[in-house]
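These numbers come from a predicted model, not from an experiment.
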Amino acid sequence: MMKRVKKFMMVTFSMLFALAMYTSVYAVEIGNGVKESSDTSVLIPKGVTVKNSSRGDYGGPAIVYTYTIAPVTPATGAKVGDTPVEIGPTDGATLANNGQVTFQNEVITGVTNTGVEQKKNLQVNVDLTKFTKPGIYRYLITDTTTIEAMYGAGLTRPDDYDATRYLDVYIKYNDAGTDLIVGGYALSKTNVVTSDASTKDAGFVRTSETEEVGGETVYKGDVYRLYNLDIYKKVTGSMGDKTHTFPFSYTVQNYGLKYRPGYYMEGNLTTESSGTFQIADGNSYSFRGLNARATITLTETNDTSIAYDVLIEGKNVSTAATATTLVAESTVDPNGTKVLPVGAITDYEDENSIGDGTTPGSIDHEGVLNKNRTAIQYVNNAGDVSPTGIIFKYGPFALMIGFAMVLLVLRRRKQDIRDL
């Protein structure tokens, strides 16, 4: 009996502890810009649109966004209905986690070129002891994430990004009329004078950051564009072995982030920085889901007994996918290697930096990132080879015999003329 009582008490204690933990971190979500709730915490969503031209599951961004919140003076005459909006008391609303919103390279499923939005939440906590009377109190939330942080994470953001939101906190009396409680929240993009449904905002998310510009839908939010690199093998020449699988090794600098190496669409997400693969004529190997600042080195080894002339060709978006020589042709003897020098998969560093290319500058919209490598082709050529020694050893005798035959023919013609 005592064992049952102890077991019941342990289960009950565990459930109460879990409930206490749950209620301590629970906060109401802002919804579509307005939320009626007595909760003293509200969640403001932050979204990043993850894109890849090759559909699949990939690792999302790794970045810590930072925010501040401060009381703000409402626009002159600002009110909701007949109630004027007031500046919020200092520390009446504060941010949890020091105002940080962390994205940790989680796996995002079904990523497409259109993009999949990954969301996290910024939590605002209300301290009722800072309020002395009912009212509507306004605060300004500001995204203070640095350009260096955006650049380092490989994210792009348009120059006209809206980094602020206005939060109204509704304070009222409880039903007994004895204590102040939170009545709800409203979020807006502007310091509105008259607040209604049309002024409400959903947060730092895609639905709020999509605008109609010149009849086109333009996204004005943060983009995490992932890139792919395909490696092709081509063998040419009458001596080239099209059935042979040539070994490759590679090193990838992807900043510890997940990417997918493999044949075609095979392969699992990994953070490994090196590996090997083999491909024959007409085959390929792929690296998918690479960070915009990723670099890669490829090394092909000639493990045959034939010397090959090797040419590395590349294709990129900026030249309409036409072949461009990346590395000049050179002869690779048996046991030799052909290396593709370290190079960025994209021109992100050049497009989004100033000075020497290492100091981040303004982060432009993703439209500038159109000069990425999309394909590398290793062309191994082994052409016709003359049988060694035959031409030089027997060539002079062949010439002498040919000359003698010509003389013989001429002499016979001369003899025939005499006989006539």
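- With 3.5 Å as the limit, one finds no donor-acceptor pair spanning the side chains of T142 and T164.
- The closest donor-acceptor contact from the side chain of N174 to the backbone of G177 lies under 3.5 Å.
- Side-chain contact, D241 with T243: a donor N or O sits under 3.5 Å from an acceptor N or O.
- Using a 4.5 Å heavy-atom cutoff, the side chains of Y166 and I141 are not in contact.
- Here the side chains of V34 and L187 are not in contact, with every heavy-atom distance at 4.5 Å or above.
- Atom-to-atom distance recorded for D179:CG and Y173:OH is 9.0 Å, nearest 0.5 angstrom.
- When side chains are defined from C-beta on, E29 does not count as touching V42, because their heavy atoms never get closer than 4.5 Å.
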Next on the checklist: Please evaluate residues N291 and Y224 with respect to the criterion side chain to side chain donor-acceptor pair (under 3.5 Å), reporting the C-alpha separation (whole Å), side-chain torsions for both, the decisive distance (0.1 Å), and the verdict.
Outcome noted: CA-CA 8 Å; N291 183 276; Y224 186 59; 3.2 Å; yes
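- The side-chain contact (heavy atoms from CB on, under 4.5 Å) check on T73 picks up I87, with sequence neighbours excluded.
- The closest side-chain donor-acceptor pair between T109 and D57, if any, does not fall under 3.5 angstrom.
- Interatomic distance, T251 OG1 to I296 CD1, rounded to the nearest 0.5 Å: 7.5 Å.
- A salt bridge links E86 to K133: one of the charged nitrogens lies within less than 4.0 Å of a carboxylate oxygen.
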Checklist entry - N228 and N52: side chain to side chain donor-acceptor pair (under 3.5 Å), yes or no, with the steps? => result CA-CA 8 Å; N228 311 309; N52 192 320; 2.7 Å; yes
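- Checked by atom type, the side-chain pair E300/N380 shows a donor-acceptor distance below 3.5 Å.
- At a cut-off of 3.5 Å, with distance as the only test, a side-chain donor of S41 or N125 sits close to an acceptor on the other residue.
- Note: I279 CD1 to T245 OG1 = 9.5 Å, rounded to the nearest 0.5 Å.
- For D230 and S284, the side-chain atoms include no donor-acceptor pair closer than 3.5 Å.
- N113 and S53 share no side-chain donor-acceptor pair at under 3.5 Å.
- No salt bridge links K220 with D162; every basic N to acidic carboxylate O contact stays at or beyond 4.0 Å.
- Cation-pi check for R260 over F287 is not met; the charged atom does not lie both under 6.0 angstrom from the ring centroid and within 45 degrees of its normal.
- Under a 3.5 Å cut-off, the side chain of K242 and the backbone N or O of V235 do form a donor-acceptor pair.
- For the pair K46 and Y65, the cation-pi criterion (under 6.0 Å, within 45° of the ring axis) is fulfilled.
- The six-membered or imidazole ring of Y67 lies near that of F204, with a centre-to-centre distance under 6.0 Å.
- Y58 does not carry K258 over the face of its six-membered ring by the limits of under 6.0 Å from the centre and within 45° of the normal.
- In terms of modelled atom types and a separation under 3.5 Å, the side chain of K120 and the main chain of V48 share no donor-acceptor contact.
- Here the side chains of I376 and L229 are in contact, with some heavy-atom distance below 4.5 Å.
- Under a 3.5 Å cut-off, the side chain of S37 and the backbone N or O of V28 do not form any donor-acceptor pair.
- Here the closest heavy-atom approach between residue I63 and residue M150 is recorded as CD1-SD, 3.9 Å.
- Using modelled atom types, one side-chain atom of T304 and one backbone atom of I306 make a donor-acceptor pair closer than 3.5 Å.
- Listed for the T112 side chain is a donor-acceptor partner under 3.5 Å among the backbone atoms of T114.
- Y285 and F248 have their aromatic ring centers separated by at least 6.0 angstrom.
- To the nearest 0.5 Å, atom OG1 of residue T83 and atom NZ of residue K172 are 12.5 Å apart.
- Between the side chain of S188 and the backbone N or O of T199, at least one donor-acceptor pair lies under 3.5 Å.
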Item to check | Intermediate values then yes/no, side chain to side chain donor-acceptor pair (under 3.5 Å), N191 and R138 | outcome: CA-CA 9 Å; N191 195 356; R138 185 161 292 175; 2.6 Å; yes
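- D91 approaches D127 most closely through the heavy-atom pair O-CB, 3.8 Å.
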Checklist entry - Where do S273 and Q253 land on the side chain to side chain donor-acceptor pair (under 3.5 Å) test, with the steps shown first? => result CA-CA 6 Å; S273 60; Q253 169 55 283; over 6 Å; no
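- Within the 4.5 Å cutoff, the side chain of E313 has heavy atoms near those of the V379 side chain.
- Heavy-atom minimum distance, Y259 versus E272: OH-O, 2.6 Å.
- Salt-bridge formation is not detected for the pair K51/E117: no Lys NZ or Arg NE/NH1/NH2 atom is positioned less than 4.0 Å from an Asp or Glu carboxylate oxygen.
- How far OG1 of T295 is from CG of N254: 8.5 Å, rounded to the nearest 0.5 Å.
- Between N302 and F246, the closest side-chain pair of non-hydrogen atoms falls below 4.5 Å.
- Side chains of L340 and Y378 form a contact here, defined as non-hydrogen atoms less than 4.5 Å apart.
- A salt bridge is absent between R165 and D143; no separation between the charged side-chain nitrogens and carboxylate oxygens falls under 4.0 Å.
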